[in-house]
J.: 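Supplied in structure tokens, the structure appears directly below.
Sequence lines set the chain letters: A, B, ... in the order given, protein chains first and strands last, and positions in each chain run from 1. Because the structure is a prediction, the values reported are computed rather than measured.
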Amino acid sequence: MENQLYITNTLSRKKELFEPINPPFAGMYVCGPTVYGDPHLGHARPAITFDLVFRYLLHLGYKVRYVRNITDVGHLVADLDEGDDKIAVKARVEQLEPMEIAQFYADRYFIFMDSLNVKRPSIEPRASGHIIEQINMVSQIVEAGYAYIENGSVYFDIEKYSKSYQYGKLSGRILDDLMTNTRVLEGQDEKHHPADFALWKKAQPEHIMRWPSPWSDGFPGWHLECSAMSTKYLGNYFDIHGGGMDLLFPHHESEIAQCQAAIGHESVKYWMHNNMVTIQGQKMGKSLGNFITLEEFFTGSHRLLDQPYSPMTIRFFILQAHYGSTIDFSNDALAAAEKGMKKLLAAYNTLSGMLSQQDGPARPPSPVDKRIPELRQACYAAMNDDFNSPILIANLFEGVRIINSAADKKEVLSLPDLQQMKGIFDTFLFDILGLKDEKGSDQGATVDGLMQLILAIRQKSRETKDWGTSDQIRDTLQKLHIIVKDGKEGSTWGNE
RNA sequence: GGUUUCGUGGCCGAGUGGCUAGGCAGCGGUCUGCAAAACCGUCCACAGCGGUUCGACUCCGCUCGAAACCUCCA
């Protein structure tokens with residue numbers, strides 16, 4: 001029980017035991033970004049959430065294929081030209097090729113995800129590269145009788161589908177409500193029913209992104225790419241499909257219907273949804289003028305920000321909440337996250353220092369502190385309980401207390417104890433939570449050597465009680481954002 | 001209006017029918033040349049009203065409040 005992974009399945013809204021369909025393989029598909037704007041905090045949340053899932057499944061030994069798409073085509077813009085394409089609209093404004101825009105923002109996305117230490121998925125397919133697969137899927141749905149063709153466009157027939165299957169099972173919606181509550185938009189008169197959605201749209205003459213198909217020159221409907229690409233790379237039945245909660249309806253609901261209609265059965269075993277990031281209690285969005293890009297977070301250049309926040313601070317901030325909860329952004333919360341994370345990393349460095357000084361006075365070699373295996377077990381229990389990263393982090397802080405107590409000589413840990421503790425941090429803090437120490441990486445060895453020299457000189461001045469020199473060194477370093485800490489076994493340094 | 005998710009201490013954020021979440025901030029101590037850090041101790045909770053129960057922050061109902069989705073949006 002305690003060594004088994006449970007996942008909250010949106011379909012059942014319950015925690016279910018994770019049993020992969022074809023162990024030791026595991027397939028996961030996550031809805032990726034639409035690349036028409038700079039990545040913001042809202043992009044970071046699902047990327048980090050499913051990075052955590054990816055990392056943990058890998059750690060458990062699964063051979064994971066993680067597919068995350070790039071949407072570079074296919075989203076309709078309802079409030080502009082009907083049938084237009086979001087990327088094409090922006091392109092026309094800026095007088096650039098649509099693919100140029102998509103490429104630019106896809107690259108930006110990759111850069112910022114890398115800085116957040118989000119592992120690259122196994123495959124990152126683009127919708128524009130899978131038009132044939134999408135056309136094939138539309139054909140399958142038409143042949144199965146769950147779609148109709150109007151004037152070169154193809155629509156999914158919700159009423160027909162609902163006779164055999166339940167449209168709305170994922171989001172809890174009822175078709176009757178959809179009938180009465182779906183707003184009737186202009187230009188939707190081709191639809192037989194307001195809830196029907198486009199599988200293929202005929203392109204207007206001025207529409208730039210278009211492809212030939214059996215029905216018309218046009219482009220695929222919004223929900224199709226994920227169904228086509230997930231099943232192409234993961235098979236007709238795969239383990240996990242993830243995404244933001246805002247995609248539950250209609251996107252994922254429609255994916256279920258498309259796969260059911262085209263393949264004859266559903267394609268996803270576990271649905272996972274991360275909750276939203278809010279700013280001052282509201283979802284961020286362009287229209288609200290409150291969205292903050294990742295670049296603005298890293299540079300501190302947005303008016304709502306008191307200071308820059310590093311990528312790892314953002315990552316830690318997100319992981320400090322469970323993926324199923326909303327997290328509300330504030331400067332106070334981010335500053336607190338930053339301090340907490342630094343404390344965690346500092347303790348790890350303390351631990352490494354203790355291990356590197358093992359040649360010195362003998363530590364008791366054998367007695368193993370039972371708190372340490374218990375801690376490891378508690379860490380696994382947290383992750384197995386629906387990827388509960390906040391509990392995992394709380395457990396690691398328990399480890400921090402043990403480490404610091406030992407460093408303070410309040411208690412003694414044996415060498416195996418220290419090594420085990422280090423193993424826990426290596427595994428959970430770095431491999432699974434995916435944090436990393438941001439202090440200078442390339443020149444790390446050089447800087448460290450210089451600092452050891454400076455600290456040695458300062459130590460001499462302290463021994464002769466030359467407090468002026470000692471404080472001068474410390475104060476000057478502080479201006480360079482380097483903090484010197486005087487401990488019982490000499491001084492150590494770290495970045496502010 | 002419908003669907004879904006929530007309302008926890010100064011801030012963020014877990015969790016549970018009776019047993020300490022954790023972080024940040026505050027307060028008191030220990031340590032220290034001073035400082036920082038660290039360690040120990042400590043204050044501040046479970047929106048409101050009913051109900052079930054030996055006992056509810058945790059279950060049920062209602063009220064109030066918030067968010068997301070229902071139209072592209074992570």
J.: Which residues pass the ring-ring contact (aromatic ring centres under 6.0 Å, His included) test with A/F317, not counting sequence neighbours?
T.: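 Listed in chain order: nothing, the list is empty.
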J.: B/G51 and B/C43: how far apart are their C1' atoms, nearest whole angstrom?
T.: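 Rounded to whole Å, the distance is 34 Å.
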J.: Rounded to whole Å, how long is the line connecting atom CZ of A/R458 with atom P of B/C34?
T.: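 My rounded result for the distance is 13 Å.
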J.: Using the P atom in both, what is the distance from B/A45 to B/C54, to the nearest Å?
T.: 29 Å
J.: Give every pair of a protein N or O atom and an N or O atom of nucleotides 12-19 of chain B that lie under 3.5 Å apart, one pair per line with the distance.
T.:
| unit_1 | atom_1 | unit_2 | atom_2 | d |
| --- | --- | --- | --- | --- |
| B/G13 | OP1 | A/D328 | N | 3.1 |
| B/A14 | OP1 | A/H322 | N | 2.8 |
| B/A14 | OP1 | A/S325 | OG | 2.8 |
| B/G15 | OP1 | A/N388 | ND2 | 3.2 |

J.: Let me know the distance between CG of A/L345 and P of B/A38, rounded to the nearest Å.
T.: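 The answer, rounded to whole Å, is 13 Å.
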J.: For A/D107, which residues count as a salt bridge (charged side-chain N to carboxylate O under 4.0 Å, His left out) partner, sequence neighbours excluded?
T.: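 Listed in chain order: nothing, the list is empty.
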J.: Taking the side chain from A/E253 and the backbone from A/S171, do they hold a donor-acceptor pair closer than 3.5 Å?
T.: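 Yes; judged by distance alone, with no hydrogens or angles, the pair exists.
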J.: Can you work out whether A/A394 or A/N274 has the more 5'-proximal nearest nucleotide on RNA chain B?
T.: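 That would be A/A394.
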J.: So which protein nitrogen or oxygen atoms get under 3.5 Å of nucleotides 40-45 of chain B's nitrogens or oxygens?
T.:
| unit_1 | atom_1 | unit_2 | atom_2 | d |
| --- | --- | --- | --- | --- |
| B/C40 | OP1 | A/R401 | NE | 2.9 |

J.: With sugar-phosphate meaning primed atoms plus P, OP1 and OP2, does A/L396 contact a base, only sugar-phosphate, or nothing at under 4.0 Å between heavy atoms?
T.: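 No contact.
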J.: Enumerate, atom names and distances included, each donor-acceptor pair closer than 3.5 Å involving a side-chain atom of residues 400-407 of chain A, sequence neighbours excluded.
T.:
| unit_1 | atom_1 | unit_2 | atom_2 | d |
| --- | --- | --- | --- | --- |
| A/R401 | NH1 | A/E398 | OE1 | 3.3 |
| A/N404 | ND2 | A/V400 | O | 3.4 |
| A/S405 | OG | A/R401 | O | 2.9 |

J.: Kindly assign one of parallel, tilted or perpendicular to the pair A/Y167 and A/Y161, based on the angle between their ring planes and the thresholds 30° and 60°.
T.: perpendicular
J.: For the pair made of OH in A/Y36 and C1' in B/A74, what is the distance, rounded to whole Å?
T.: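 Going from A/Y36 (OH) to B/A74 (C1'), I get 10 Å.
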J.: Is the aromatic ring of A/W467 within stacking range of B/G33, meaning centres under 5.5 angstrom and planes under 30 degrees?
T.: yes
J.: Starting at the 5' end of RNA chain B, which residue's closest nucleotide do you reach first, A/G468 or A/V400?
T.: A/G468
J.: For A/R458, give me all partners under salt bridge (charged side-chain N to carboxylate O under 4.0 Å, His left out), at least two apart in sequence or on another chain.
T.: A/D486
J.: List in chain and number order the residues that pass salt bridge (charged side-chain N to carboxylate O under 4.0 Å, His left out) with A/E266, two or more places apart in sequence or in another chain; answer none if no residue qualifies.
T.: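 Residues passing salt bridge (charged side-chain N to carboxylate O under 4.0 Å, His left out) with A/E266: A/K169.
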J.: Test of understanding: with side chain to side chain contact (heavy atoms under 4.5 Å, CB included), list the residues that count as partners of A/D114, not counting sequence neighbours.
T.: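 In terms of side chain to side chain contact (heavy atoms under 4.5 Å, CB included), with neighbours along the sequence ignored, A/D114 is linked to A/R120.
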J.: Kindly write out the residues that satisfy side chain to side chain contact (heavy atoms under 4.5 Å, CB included) with A/D386, not counting sequence neighbours, or none if the list is empty.
T.: A/I7, A/T8, A/K15, A/H322, A/Y323
J.: Which one, B/A74, B/G22, B/C34, comes nearest to the side chain of A/H43?
T.: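 Nearest to the side chain of A/H43 among the choices is B/A74.
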J.: Looking at B/A25, B/C73, B/U4, which one has an atom nearest to any side-chain atom of A/L247?
T.: B/C73
J.: For the pair made of CG in A/D38 and P in B/A74, what is the distance, rounded to whole Å?
T.: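 Taking CG of A/D38 and P of B/A74, I get 13 Å after rounding.
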J.: Quick one: do the A/T476 and A/Q472 side chains pair a donor with an acceptor below 3.5 Å?
T.: no
J.: Answer with base, sugar-phosphate or nothing: what part of the nucleic acid does A/G244 contact at a heavy-atom distance below 4.0 Å?
T.: sugar-phosphate
J.: Go ahead and write out RNA chain B as dot-bracket, 5' to 3': ( ) for pairs within the strand, [ ] for ones crossing earlier pairs, | when the partner sits on another strand, dots for unpaired; Watson-Crick or G-U wobble, both distances under 3.5 Å.
T.: (((((((..(((.....[...))).(((((.......)))))....(((((..]....))))))))))))....
J.: Could you check how far NZ of A/K343 sits from C1' of B/A36, rounded to whole Å?
T.: 14 Å
J.: Return yes if the base of B/A36 and the side-chain atoms of A/R474 contain a donor-acceptor N/O pair under 3.5 Å, otherwise no.
T.: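 Counting by modelled atom types and ignoring angles, no donor-acceptor contact under 3.5 Å is found here.
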J.: Over how many whole Å does the gap from A/I318 atom CD1 to B/A74 atom P extend?
T.: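 So the CD1-P distance, A/I318 to B/A74, works out to 15 Å.
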J.: In whole angstroms, how far is the C1' atom of B/G22 from the CE atom of A/M341?
T.: 16 Å
J.: Determine the Euclidean distance between corresponding P atoms of B/G61 and B/U4; express it in Å to zero decimal places.
T.: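 Their P atoms lie roughly 13 Å apart.
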J.: Answer with base, sugar-phosphate or nothing: what part of the nucleic acid does A/M276 contact at a heavy-atom distance below 4.0 Å?
T.: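 Since a base atom lies under 4.0 Å of A/M276, the category is base.
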J.: Please check if atom NZ in A/K436 has more than 12 non-hydrogen atoms from other residues, nucleotides or ligands closer than 6.0 Å.
T.: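 Result for NZ/A/K436: enclosed.
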J.: Round to the nearest Å and state the distance from A/N275 atom CG to B/C6 atom C1'.
T.: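 Value for this atom pair: 9 Å.
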J.: For B/C34 and A/K465 - does any side-chain N or O of the residue sit under 4.0 Å from the phosphate oxygens OP1/OP2?
T.: no
J.: Between B/G65 and B/A47, how far apart are the C1' atoms? Round to whole Å, please.
T.: 8 Å
J.: Nearest to the A/F249 side chain among B/A25, B/U4, B/C70, which nucleotide is it?
T.: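 The listed nucleotide nearest to A/F249's side chain is B/C70.
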J.: According to side chain to side chain donor-acceptor pair (under 3.5 Å), who are the partners of A/D51, at least two apart in sequence or on a separate chain?
T.: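 A/D51: side chain to side chain donor-acceptor pair (under 3.5 Å) contacts with A/R55, A/R315.
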J.: According to salt bridge (charged side-chain N to carboxylate O under 4.0 Å, His left out), who are the partners of A/E338, at least two apart in sequence or on a separate chain?
T.: A/K342
